[in-house]
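Report on the structure given below.
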Amino acid sequence: MRRNTANIIFTGLLYLCLVGCLFSCRKDESVLRGEGDHVGGDDSGEIKGFFLLNEGNMGSNKATLDYYDYESGVYTRNIYPERNPGVALELGDVGNDLGVYGGKLYAVINCSNLVEVMDAETAVHVAEIPLPNCRYIVFDGGYAYVSSYAGAVEFDPEYRRGYVAKIDTVTMQVVDTCGVGYQPEEMAVVSGRLYVANSGGYMAPDYDSTVSVIDLATFEIVNEIEVAPNLHQMKLGGDGMLYVSSRGDYYGLQSSTYIIDPSTNEVVEELELLQNSDMAVYGDYLYVISHSWSNISLDYQTGYAVFDTRDRVTVTRNFITDGTEDGITTPYCIAVNPANGDIFLTDAKDHVTPGYIHCYGQDGVRKWSARTGDIPAHIVFTRKQLKPLE
């Protein structure tokens with residue numbers, strides 16, 4: 001098997017460009033294959049563990065997959081190579097999203113232009129689906145939907161519009177595509193419709209500001225919602241509303257969070273929360289972390305907020321109660337275990353050396369920490385325990 005890893009031009013988000021200066025001071029740290037730490041077991045009911053996809057720096061071909069097992073309490077790094085010794089170049093270049101559906105584990109590998117499909121109980125390779133500049137994945141009705149920038153990784157004001165690919169999860173083939181806005185990012189399915197956040201990230205400063213709405217029955221665009229420039233993430237809240245983040249323009253327009261009512265396809269509120277770098281839903285609560293760059297202040301805004309979606313109020317702007325946030329350099333990803341409410345927060349550190357994952361209880365007190373791969377970015381929980389190597 002072969003990975004297509006042609007020379008990639010480093011682009012990323014504007015604020016991440018500043019991280020490039022750290023390349024010259026890279027430390028001699030590496031993630032060993034199948035290396036694990038016992039961090040303490042816990043009963044999580046139907047949730048047996050979780051996978052974590054580490055992005056790895058663009059152009060470094062260092063996307064890796066970690067796994068945490070609740071029964072044993074062991075966090076294991078870089079499980080893919082040992083389980084797939086015949087796959088050249090391993091996972092590939094830039095792990096951009098992760099999902100579990102129908103007994104399969106899907107890893108969206110952005111700059112390698114593919115979706116890697118594995119067995120969710122073994123992490124063994126099943127299929128490889130080629131897709132250019134692929135970004136995020138969602139599932140519905142036996143299909144996977146993947147957003148694609150539809151071209152090379154490069155800033156270009158004349159860049160073409162993106163699309164969403166419809167993939168049959170039985171045949172692992174792309175069966176249809178639907179054109180959307182510029183540089184589409186995260187998506188959500190609500191009542192037979194697919195909502196797609198368009199960023200226009202390659203078009204700066206003329207970002208896209210729309211959410212495309214696709215009817216899944218016809219796989220055609222039925223609406224376009226004007227929201228805010230440079231949209232990124234999208235989550236369906238416990239209140240049935242869609243929560244969409246905007247990265248802003250890194251100057252006067254700050255990152256923010258907007259609420260869309262899918263029954264009317266209208267923006268009903270902008271939240272006066274932290275700037276939004278990543279978010280997760282748990283019941284009636286929206287967890288938001290921020291590590292957002294401003295080209296005006298030349299600084300990052302960092303914080304950890306909780307928003308009550310039912311009462312539409314901010315519960316706290318810092319859910320960490322034990323003071324351990326002082327040791328977190330670059331909060332990057334947040335996820336909440338749907339069974340017991342454990343909060344998982346990753347720290348990307350300097351983006352070029354291994355990061356960390358921290359587990360917090362609902363009381364905001366840290367339970368355990370473990371070292372990860374480079375840029376720990378995407379977590380998906382699983383109801384089936386990963387089988388040991390034979």
Side-chain angles (χ1 to χ4, degrees), residues 10-20 55 58 96-97 110 135-136 147 149 153-157 159 161-162 180-188 195-212 224-235 237 241-260 266-281 286-307 312 314 317-318 329-334 348 351 375 377:
F10 177 83
T11 55
L13 303 179
L14 292 179
Y15 73 88
L16 289 181
C17 291
L18 297 177
V19 176
E55 287 184 0
M58 189 176 291
N96 209 78
D97 200 16
N110 175 218
R135 301 294 293 176
Y136 288 89
S147 57
Y149 281 10
V153 180
E154 59 183 354
F155 285 116
D156 182 356
Y159 204 93
R161 286 176 175 265
V180 289
Y182 293 98
Q183 291 81 67
E185 299 284 12
E186 197 164 36
M187 303 163 289
Y195 290 75
V196 186
N198 301 306
S199 70
Y202 289 171
M203 322 289 288
D206 298 320
Y207 297 102
D208 200 331
S209 58
T210 63
V211 167
S212 298
E224 190 173 82
I225 308 169
E226 185 72 28
V227 183
N230 202 2
L231 301 178
H232 182 205
Q233 292 192 324
M234 181 178 293
K235 306 293 184 186
M241 298 292 182
L242 283 169
Y243 292 80
V244 186
S245 69
S246 160
R247 298 187 185 102
D249 62 6
Y250 312 106
Y251 286 93
L253 185 63
Q254 300 296 315
S255 167
S256 191
T257 307
Y258 298 83
I259 304 177
I260 294 175
E266 294 180 349
V267 177
V268 295
E269 189 175 346
E270 177 182 0
L271 301 184
E272 293 185 2
L273 272 173
L274 302 170
Q275 296 181 39
N276 190 332
S277 300
D278 197 21
M279 57 181 170
V281 170
L286 182 74
Y287 288 75
V288 177
I289 61 172
S290 175
H291 190 69
S292 298
W293 175 261
S294 168
N295 281 331
I296 294 179
S297 67
L298 299 181
D299 199 5
Y300 291 95
Q301 182 192 74
T302 300
Y304 312 89
V306 180
F307 180 77
R312 299 272 180 94
T314 301
R317 292 183 180 273
N318 187 3
T329 306
T330 310
Y332 202 78
C333 164
I334 186 168
H351 293 85
I375 315 181

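Starting from 1, each residue takes its place in the sequence as its number.
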Legend entry - Set of side-chain contact (heavy atoms from CB on, under 4.5 Å) partners for Thr302, sequence neighbours left out: His291, Tyr300, Tyr304, Pro331
Inset, instruction - Apply the test side chain to side chain contact (heavy atoms under 4.5 Å, CB included) to residues Leu271 and Tyr243: give CA-CA distance (whole Å), side-chain angles for both, the deciding distance (0.1 Å), then the verdict. - result: CA-CA 10 Å; Leu271 301 184; Tyr243 292 80; 4.1 Å; yes
Legend entry - Gap separating the CE atom of Met279 from the CD1 atom of Ile334, nearest 0.5 angstrom: 11.5 Å
Legend entry - Test item: Thr257 side-chain N/O and Ser245 main-chain N/O as donor-acceptor pair under 3.5 Å: no
Inset, instruction - Go through the structure and list residues passing side-chain hydrogen bond (donor to acceptor under 3.5 Å, both in side chains) with Asn110, not counting sequence neighbours. - result: Asn133, Arg135
Legend entry - Sub-4.5 Å side-chain heavy-atom contact between Tyr332 and Ile375: yes
Legend entry - Shortest non-hydrogen contact between Pro229 and Tyr207, atoms and distance: CB-CB, 4.0 Å
Inset, instruction - Any chance you could measure Ile289, atom CD1, to Asp278, atom CG, to the nearest 0.5 Å? - result: 5.0 Å
Legend entry - Test side-chain contact (heavy atoms from CB on, under 4.5 Å) applied to Ser199 - qualifying residues, sequence neighbours left out: Tyr149, Gln183, Glu185, Asn230, Arg247
Legend entry - Partner set under side-chain hydrogen bond (donor to acceptor under 3.5 Å, both in side chains) for Glu272, not counting sequence neighbours: none
Inset, instruction - Look up atom OH in Tyr136 and atom CE in Met187, then write down how far apart they are to the nearest 0.5 Å. - result: 10.0 Å
Legend entry - Which residues share a side-chain contact (heavy atoms from CB on, under 4.5 Å) with Val281, sequence neighbours left out: Lys235, Leu286
Legend entry - Pairwise side-chain contact, Asp208 with Leu231, heavy-atom cut-off 4.5 Å (strictly under): no
Legend entry - Heavy-atom pair with the smallest gap, counting every atom of Gly162 and Pro184: CA-CD, 3.8 Å
Legend entry - Heavy-atom pair of closest approach, residues Gly181 and Arg161: CA-NH1, 3.5 Å
Inset, instruction - Sequence neighbours left out, what passes ring pair (Phe, Tyr, Trp, His ring centres under 6.0 Å) with Tyr287? Give chain and number order. - result: Phe319
Legend entry - Inter-residue atom distance Ser256.OG - Leu273.CG, 0.5 Å rounding: 8.0 Å
Legend entry - Taking every non-hydrogen atom, the tightest pair across Val267 and Glu226: CG2-O, 3.6 Å
Inset, instruction - Mind checking salt bridge (charged side-chain N to carboxylate O under 4.0 Å, His left out) for Glu269 and listing every partner two or more places apart, or none if nothing turns up? - result: Arg312
Legend entry - Atom pair CD/CD1 of Glu270 and Ile259 - distance to nearest 0.5 Å: 10.0 Å
Legend entry - Sub-4.5 Å side-chain heavy-atom contact between Tyr258 and Leu242: no
Legend entry - Taking every non-hydrogen atom, the tightest pair across Ser290 and Gln275: CB-O, 2.7 Å
Inset, instruction - Under the side-chain hydrogen bond (donor to acceptor under 3.5 Å, both in side chains) rule, collect the residues that match up with Ser212, sequence neighbours excluded. - result: Asn198
Inset, instruction - Using the test side-chain hydrogen bond (donor to acceptor under 3.5 Å, both in side chains), find all partners of Asp206 that sit at least two apart in sequence or belong to another chain. - result: none
